[in-house]
There are 2 protein chains.
Amino acid sequence: MTDSRSAETGKRRTTLTRERVLDAAMELADEGGIGSVTMRGLGRRLGVEAASLYNHVCGKDDVLEGLTDLVTGEIDAGVDHADWKSAMRRRAVRARGVFKRHPWASALIDSRERMSPSALAYAESVLGVLLGAGFSARDAANAFLILDSYIYGFERQRASLSLGDGIDTTQSAQEVLGAVTPDAFPALVQVAGEFAELPYDEDAVFDLGLELILTGLGERLVEIEPVEHAFRADNAPRAR
Amino acid sequence: MTDSRSAETGKRRTTLTRERVLDAAMELADEGGIGSVTMRGLGRRLGVEAASLYNHVCGKDDVLEGLTDLVTGEIDAGVDHADWKSAMRRRAVRARGVFKRHPWASALIDSRERMSPSALAYAESVLGVLLGAGFSARDAANAFLILDSYIYGFERQRASLSLGDGIDTTQSAQEVLGAVTPDAFPALVQVAGEFAELPYDEDAVFDLGLELILTGLGERLVEIEPVEHAFRADNAPRAR
DNA sequence: ACCTGAACACCGTTCAAGT
DNA sequence: ACCTGAACACCGTTCAAGT
């Protein structure tokens, strides 16, 4: 009652905060893509002039950094001490969940040059699992890089091909069939013909590729480690 | 001599052309990143008003599309009919060469939503090789998607971690060591400590991951195909 | 047919001025 | 301490006017 008339706008009930700015940025990104988070748009949504944001945030780059941080935090959440393969699987699933909720996230993460604070925490928990499973420092780093290349790369590929998420793949296949001169693109026509009938299961393909990599990394591990390590590797943390 | 004084500016010797606009865009991107290709900057480089570009190009999006086309054309060049694994390896090498010449390329390709003309040609040649090697339409599409997720994803990961290309990885590792509180990040410290001494060979890691995937895809192929197909599919031995 | 000049609707960021 | 108003240097794009 004593407060300024906040019922009118529905915003500005309290003073601005870095957190409130980032929340608004998240909403804008979820609604209209990363391109629609602008300082001016952010101000508009918060009922404030764009210039005012600079009291709580260092600039647009800081907003994007904060957004990256929030989103990689969502992926990192909840690391358990299961065997490394299922820990990596769980991580992949969580990442894909985040990309479903925030379709702009993978492009933003990929575009950042320096590691954000929560990216460090993320690396720590992944490397911790791998080292605990018996990977050498070098093999752990390799496995991390190879897995993430695939996990994040798959999402970008999916976005480029406008696959999945309620998109009718049989229809996209038919579009390709229509757009292309058949004798110049025989292989493309054959593949598109296949998918015009039976839809494409992107989740199954993702899992297939993930298992290929996990299996390959696992074989490399038993090649190198002595037997009792290889046995322990799947189940238990070793004392560090 | 009868021409307008072109010696003065060094530009504008001939009338503008879509091709000349795209060449200029390529130069701008190579020099200052994709962010520095703007319509106004393009006009400045070509000695022309930004508005004039609209006589040869449909807008900025068309410029970016043209750039994507040029660059995926470079990757696609020269498909041979070797066995599928070495064809895929060669493709990966060519892609990485392009990313070295044009560091902005992978992000641009990933950001495009619809397939450009040369992306269709690219898909045709890849799928052609895989089908020719005995892959079913479905398995060919899967292999294509999985491989490209890894190939392009690796490049984005490399860029995010500012790995390779003359960057001293032992130094970056030491930076990490300095920036982090050791007992909060034990795994990170252990791994960074390793790489502070022996540098990180990004090419070797890329090849490792690529071989994991190729091997996995190949095993899947022999599982399904009859023996004589499996033999044709790859001239490498199947015994493991 | 091609190019220019000027305009429009947007950006991010700075800074003196208000409260 | 926080916010505003106005300004600056940029964007992409349109369009009448020039040649």
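Numbered from 1 within each chain, the chains take letters A, B, ... in sequence-line order. Values below: all heavy atoms of this structure, side chains included; hydrogens, waters and symmetry mates excluded.
- Set against C:dC3, D:dC3, D:dC11, the side chain of B:V48 has C:dC3 as its closest nucleotide.
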For DNA chain D, produce a single dot-bracket line, 5' to 3'. Pairs: Watson-Crick or G-U wobble, both distances under 3.5 Å. Symbols: ( ) within strand, [ ] crossing, | other strand, . unpaired. ||.|||||...|||||.||
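- Atom P of nucleotide C:dG18 and atom CD of A:E49 are separated by 17 Å, given to the nearest angstrom.
- Of the candidate nucleotides D:dG5, D:dT13, D:dC3, D:dT13 has the atom lying nearest to any side-chain atom of B:A50.
- Note: B:Y200 and B:F195 meet the aromatic proximity criterion, with ring centroids under 6.0 Å apart.
- You'll find that the side chain of B:K60 is closest to D:dG12, out of C:dC3, C:dC11, D:dG12.
- Relative to the side chain of B:Y54, the nucleotides C:dC11, C:dC3, D:dT13 differ in distance, and D:dT13 lies closest.
- Put simply, CG on A:L46 is 11 Å from P on D:dT4, counting in whole angstrom units.
- Side chain of B:T15, nearest nucleotide from C:dC3, C:dT14, C:dG5: C:dC3.
- In summary, B:R18 and B:D62 engage in a salt bridge, as defined by a charged side-chain N under 4.0 Å from a carboxylate O.
- In the region residues 33-42 of chain B, proximity to DNA chain D at under 4.0 angstrom, judged on heavy atoms, holds for B:T38, B:M39, B:R40.
- For the residue pair A:T68 and A:S116, no side-chain donor N or O sits within less than 3.5 Å of a side-chain acceptor on the partner.
- Side chain of A:N55, nearest nucleotide from C:dG12, C:dC15, D:dC2: D:dC2.
- The distance between the ring centers of B:F99 and B:Y152 falls below 6.0 angstrom.
- Side-chain contact between B:E197 and B:T170 is absent, with no heavy atoms from C-beta onward closer than 4.5 Å.
- Salt-bridge annotation for B:D76 and B:R91: absent, with no side-chain N of the basic residue lying under 4.0 Å from a carboxylate O of the acidic one.
- A salt bridge links A:R45 with A:E31: at least one charged nitrogen is closer than 4.0 Å to a carboxylate oxygen.
- Under the 4.5 Å side-chain criterion, counting only non-hydrogen atoms from C-beta, A:V71 is not in contact with A:L108.
- A salt bridge links B:R101 to B:E74: one of the charged nitrogens lies within less than 4.0 Å of a carboxylate oxygen.
- For A:D61 and C:dC11, the CG to P distance is 18 Å, given to the nearest whole Å.
- B:S52 has a side-chain polar atom (N or O) that falls below the 4.0 Å cut-off from OP1 or OP2 of C:dT4.
- Looking at B:L147 and B:L217, their side chains come closer than 4.5 Å, going by heavy atoms from C-beta outward.
- Shown here is B:E113, whose CD atom has no more than 12 heavy atoms of other residues, nucleotides or ligands within 6.0 Å.
- Contact annotation: B:H56 side-chain N/O to C:dA1 OP1/OP2 distance is not under 4.0 Å.
- Computed from coordinates, the B:L53 CG to D:dG12 C1' distance equals 11 Å when rounded to whole Å.
- For DNA chain D, none of the residues of residues 105-112 of chain A falls under the heavy-atom distance limit of 4.0 Å.
- Contact check for A:K100 versus A:R96: no side-chain heavy atoms found under the 4.5 Å cut-off.
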